[in-house]
Amino acid sequence: AARPKTIPLSISGILVGSSFSIYQGFFDSIIFILAIVTAVCFQVLSNFANDYGDGLKGTDNHRLGPERVVASGLISIGQIKKAIILTSVLSLVFSLTLIFYVFDDSLLNILIFAGLSMCSVIAAITYTVGKTPYGYYGFGDLFVFIFFGLISVIGSNFLYTKFFDHSVVLLAIIIGLLCTAVLNINNMRDIENDKNSAKRTIPVQIGFKYSKYYHYLLICLSIFLIFIWIAEFDYSSNFVLIIFSFLILLRHIYKVFRSKFPIDFKPLLAELAISVFLVSILISIFLINESHIF
């Protein structure tokens with residue numbers, strides 16, 4: 001139910017935001033550890049809630065992806081509810097610990113980040129849970145872009161520096177686009193099941209063919225923005241790291257192009273999640289090398 005394969009994706013933004021702070025000359029190991037733990041808690045919470053919401057609605061009964069614990073009866077509704085409550089509490093405890101550690105002298109920042117923490121918990125749960133879950137109306141992509149990209153990268157960077165640097169926005173958009181692409185792969189794989197379950201994801205709304213074009217747009221735009229971002233740096237031997245990022249993403253595009261049916265996307269979901277994580281690591285190494293600190 002925790003879906004460990006999604007964990008690397010959840011910390012990709014933290015890695016990029018933290019490495020950019022190193023490039024800026026800021027770092028704190030306690031902030032890094034707490035941010036990673038908090039991100040993992042939010043991800044696990046989201047996975048528990050997703051399993052519960054889709055299982056309760058019957059959406060997971062005929063899916064092509066891995067077996068879900070609620071739909072299969074491995075875990076009862078009562079057990080998954082307890083898991084959601086426990087993970088929600090842990091998420092808030094770790095996030096508030098992080099917030100008070102960083103902003104012990106700024107009430108405004110405490111309130112802002114505490115509000116973001118509450119929004120993260122609510123967003124994680126209401127993706128599939130409730131009478132009007134936003135995941136069933138095609139808004140999952142937008143929320144993934146905001147929380148996995150913008151908030152994860154910009155927010156984690158702000159924790160170290162305590163000021164906003166517009167240069168980090170481009171990196172946040174890149175990670176946000178790539179994480180959104182992971183969700184799109186998931187939704188393309190489950191397009192027929194989602195359609196039958198009245199789950200109106202983007203692929204359900206625009207169709208299988210155009211959802212592939214949408215996917216190309218997400219990946220190609222992220223590659224283009226990496227080119228724009230890298231142009232700010234003088235030539236160095238570290239550029240080979242970014243070249244690897246391009247190759248990883250281009251390889252994925254080729255695999256999507258070769259995929260003709262929803263079931264073909266089944267192995268591509270985990271592959272893309274790992275690819276995004278690898279790209280975040282390569283970008284992080286590049287930034288750390290460019291900082292000349294280590």
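These numbers were taken from a predicted model, which means no experiment stands behind them.
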Any donor and acceptor pair, going by atom type alone, linking the side chain of [X] with main-chain N or O of [Y] inside 3.5 Å?
X      : Y      : result
Ser46  : Phe42  : no
Tyr214 : Ala181 : no
Thr6   : Arg3   : yes
Gln205 : Ile202 : no

Row check, Phe164 ring normal vs Lys162 NZ/CZ: under 6.0 Å, within 45°:
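Checked: cation-pi criterion not met.
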[Y] and [X] aromatic ring geometry - parallel, tilted or perpendicular at 30°/60° bounds:
X      : Y      : result
Phe257 : Tyr216 : tilted
Phe26  : Phe163 : perpendicular
Phe286 : Phe233 : perpendicular

Separation of [Y] [atom2] from [X] [atom1] (nearest 0.5 Å):
X      : Y      : atom1 : atom2 : answer
Ile112 : Ser117 : CD1   : OG    : 12.0 Å
Ser120 : Leu92  : OG    : CG    : 9.0 Å
Ile154 : Ile146 : CD1   : CD1   : 11.0 Å

Side chain to side chain donor-acceptor pair (under 3.5 Å) assessment of Tyr136 paired with Asp194
CA-CA 9 Å; Tyr136 278 69; Asp194 289 342; over 6 Å; no
Taking atom types as modelled, find out whether Ser18 and Tyr160 have a side-chain donor-acceptor pair closer than 3.5 angstrom.
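There is such a pair (donor and acceptor under 3.5 Å, judged by atom type) between the side chains of Ser18 and Tyr160.
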Residues Gln43 and Asn47: side-chain donor-acceptor under 3.5 angstrom
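Side chains of Gln43 and Asn47: pair found under 3.5 Å.
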Is Asp190 salt-bridged to Lys199, going by a charged N under 4.0 Å from an acidic O?
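Looking at Asp190 and Lys199, the cut-off is not met.
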